[in-house]
There are 2 protein chains.
Amino acid sequence: MAVTIKDIAKLANVSHTTVSRALNNSPLINPQTKKRILEIAKELNYTPNLNAKSLVLHRSYHIGLFFTTLSTGTSPGFFHEAVRGANQHIKDHYDLIVKGIDDYEDLTKITSNMFDGILVMSQSPADDRFIEHLLNINIPTVVLNRLVSLPVEANIVSDDYEGAFQAVRYLIDRGHRRIALISGIEGFQSTEERKKGYIEALKTSQIEPSPDLIKQGHYDMKSGYQAMRSLLAESLLPTAVFCSNDDMAVGAIKAIHESGMRVPDDISVVGFDDNVFAGFITPSLTTVRRPIEKICAEGARCLLENIENSQSFKQPIYLRTTLVKRESVADVRSE
Amino acid sequence: MAVTIKDIAKLANVSHTTVSRALNNSPLINPQTKKRILEIAKELNYTPNLNAKSLVLHRSYHIGLFFTTLSTGTSPGFFHEAVRGANQHIKDHYDLIVKGIDDYEDLTKITSNMFDGILVMSQSPADDRFIEHLLNINIPTVVLNRLVSLPVEANIVSDDYEGAFQAVRYLIDRGHRRIALISGIEGFQSTEERKKGYIEALKTSQIEPSPDLIKQGHYDMKSGYQAMRSLLAESLLPTAVFCSNDDMAVGAIKAIHESGMRVPDDISVVGFDDNVFAGFITPSLTTVRRPIEKICAEGARCLLENIENSQSFKQPIYLRTTLVKRESVADVRSE
DNA sequence: GCATAGAATGCACACGTTAACAATATCGTT
DNA sequence: AACGATATTGTTAACGTGTGCATTCTATGC
């Protein structure tokens, strides 16, 4: 069995209370005995039983990182960046529990003694039910990636509207006028923000958005491929396509190539996310970089701030996107 | 505060012990009272305090999934598949804690009461120290992805040697003779297995492996790119390149394109892993599919089997790779 | 030499749960 | 009616830790 403070107490000829105090830097202890106790603890390789601590202190030392889903709805790059960002600030004093919200069929199974705090990497408005439950049972909650109007401790998002706006402005500046949109999963806030950015950018140049040029995708390669095929079947082809994420951009490029056309010579393509492979496909992809890792790291920082100093952040925190210019966009041919 | 079994006991006019029995399907209880208690529990929205349970049952309800590192050494697709595979069997009764071995500077901070079991997604022989420590403190341990000679509960790997062998045989069958290798991180077992498969396949056709055709990479796109550039600088070019993973293959393709040559017309490329984007880049990548998700799912299954029925699996379990044939390989030109 | 403040330590209980054992209730058998 | 067997429930301690309060020790001042 593992060594406990009582074992140490015996060896040190003190009560277990004294040992507890020594290990927790209590001021009510003689520095001498403290030193002695710490030495014994070290020698016995003592490590506290976190379950017991949890029980009495009402702290679990666990931080939850919840995704809308862990399955195919979440892209690998996104997922990896998120976990890395979150773990970065957390790893020393907390453990990170990764879960999909859809893992639970019954939300009441989650209780406040299981998590000291939760990061919700939210990808859908349907997550609100989950977030409300967390607030109900009083778990400090930080929502990432999606603007939310609930009273969470912090809400950290990338400025997708601005990112999309810039990307489409960039296309317009390079002479494009027939610019298509391959949109994301319906209902996702990111989908709506990017679409709005697209539409507003067009409007600043008096280009009327055409329904024929807007196709719905599902944020995966396959749907990008299919959406592009559907665009290519239209009578009037676009000169550029703005895709709501990189995965769909890759699918779109494949469809364009299959139809015998070339990127960017015939059709320009812009993505969103700057996935790990965006720079390495051919042609390398011009895209909007979202600082996912930073969003998560910042979220974890805010969450710890809340847990340890009960600080909250009322205003949503926006982190800037940046347009990464690569090879998938060409100036439009003057005909 | 949350509701406890004592609250239920009061309402039901029984002792808390009886409540505990009702909730745990004990045979020592009157079905009548059991029913009554369960109803009250439901009404109060009772959820057990897992920390208290943990303390007395010596179970934490946490499974650890450890990677050699969470940072750039681990590819996003690999990471995502692994987490999904592991979570699949675990999510109902356990929580998954994701960590990098390199998060710990002091291994003794890990104790057996923190994890009911641990999956080690091992990418380097250096992980052995960690695994030995887990065995020392008696945590059920399953090692994935790397063959290990320690007495762990189970060891599940893909047959990389066989996969590499098949891939290179395939190239030979299509007429290639000057076949280069872009190798992985030095010292990783996967690197060595794939290299061996490459060399043995060549030998079966009496092709002597040439040091000039073997370049070291680091499993990331950039190193694949650089290794390929270094190959292209040689006097005699290869007709095909076998890359130890897909990321490096993507980098290699980029380097080939930059040099004005085409894939597969001038040089064929084969990868390893079948990353999510392997099918969507241009040309789509011929590669060896490793069943990462299945490895993790199987590992989780074995681990649970061990925790709940204390079963162990002495023999390593090999899961088959498959060669996925796509467009990045051409028959060699008869000159 | 003694009262006293202050420092250091210990005692006993609490956290929420399970489990060995004891106690009681119920029932059938003679 | 009395006994034993069995079914059901309660009592109590335990898991390892932290903490309010009581206790003891030490040094100081008079």
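What's counted below: heavy atoms across the whole structure, side chains too, no hydrogens, waters or symmetry copies. Proteins get letters first, then strands, A, B, ... in listed order; numbering begins at 1 in each.
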Problem - Short side-chain N/O contact to D:dG18 OP1/OP2 from A:Ser20, under 4.0 Å - result: yes

Exercise for the section: Look at B:Tyr46 and C:dG16 and indicate whether a side-chain polar atom (N or O) is within less than 4.0 Å of OP1 or OP2. Expected result: no

Handout entry: B:Tyr61 side-chain N/O to C:dT17 phosphate OP1/OP2 under 4.0 Å
Key = no

Exercise for the section: Just compare C:dT17, C:dT18, D:dG16 and give me whichever is closest to any side-chain atom of B:Asn49. Expected result: C:dT17

Handout entry: Distance, rounded to the nearest Å, where B:Leu23 contributes CG and C:dT18 contributes P
Key = 7 Å

Exercise for the section: In whole angstrom, give the distance that lies between atom CD1 of A:Ile5 and atom P of C:dG10. Expected result: 12 Å

Practice task
Check step by step if side chain to side chain contact (heavy atoms under 4.5 Å, CB included) holds for A:Lys34 and A:Asn25.
Solution key: CA-CA 9 Å; A:Lys34 174 171 170 180; A:Asn25 286 318; 2.9 Å; yes

Exercise for the section: Would you mind telling me which of C:dA20, C:dT17, D:dT17 lies closest to the side-chain atoms of A:Lys6? Expected result: D:dT17

Practice task
Report yes or no: do B:Thr108 and B:Asp106 form a side-chain donor-acceptor pair below 3.5 Å?
Solution key: yes

Practice task
Measure the acute angle between the ring planes of A:Phe66 and A:Phe115, then classify it against the limits of 30° and 60° as parallel, tilted or perpendicular.
Solution key: perpendicular

Practice task
Let me know the distance between CG of B:Asn24 and C1' of C:dA20, rounded to the nearest Å.
Solution key: 16 Å

Handout entry: Stepwise side chain to side chain donor-acceptor pair (under 3.5 Å) test for A:Ser122 and A:Arg146
Key = CA-CA 6 Å; A:Ser122 181; A:Arg146 215 186 104 243; 2.6 Å; yes

Practice task
State, with a plain yes or no, whether a side-chain heavy atom of B:Val142 is found less than 4.5 Å away from one of B:Asn155.
Solution key: no

Practice task
Do nucleotides 4-9 of chain C as a string where each nucleotide becomes B, S or -: B if the base has a protein heavy atom under 4.0 Å, S if just the sugar-phosphate does, - if no protein is that close.
Solution key: ----SB

Handout entry: Plane angle bin for B:Phe67 and B:Phe79 - parallel if under 30°, tilted between 30 and 60°, otherwise perpendicular
Key = tilted

Problem - Whole-Å distance separating the NZ atom of B:Lys53 from the P atom of D:dC15 - result: 19 Å

Handout entry: Atom-to-atom span, CG of A:Asn113 to C1' of D:dT17 - whole angstrom
Key = 16 Å

Exercise for the section: Please confirm whether any donor atom in the side chain of B:Ser54 sits under 3.5 Å from an acceptor in the base of C:dT17, or the reverse. Expected result: no

Exercise for the section: Classify the side chain of A:His16 versus the base of D:dG18 as yes if they form a donor-acceptor pair under 3.5 Å and no if they do not. Expected result: yes

Handout entry: Sugar-phosphate only, base, or nothing, as touched by A:Thr17 at under 4.0 Å among non-hydrogen atoms
Key = base

Completion exercise
Exactly one candidate in B:Arg301, B:Glu153, B:Gln311 meets side chain to side chain contact (heavy atoms under 4.5 Å, CB included) with B:Asn306; the answer is B:Glu153

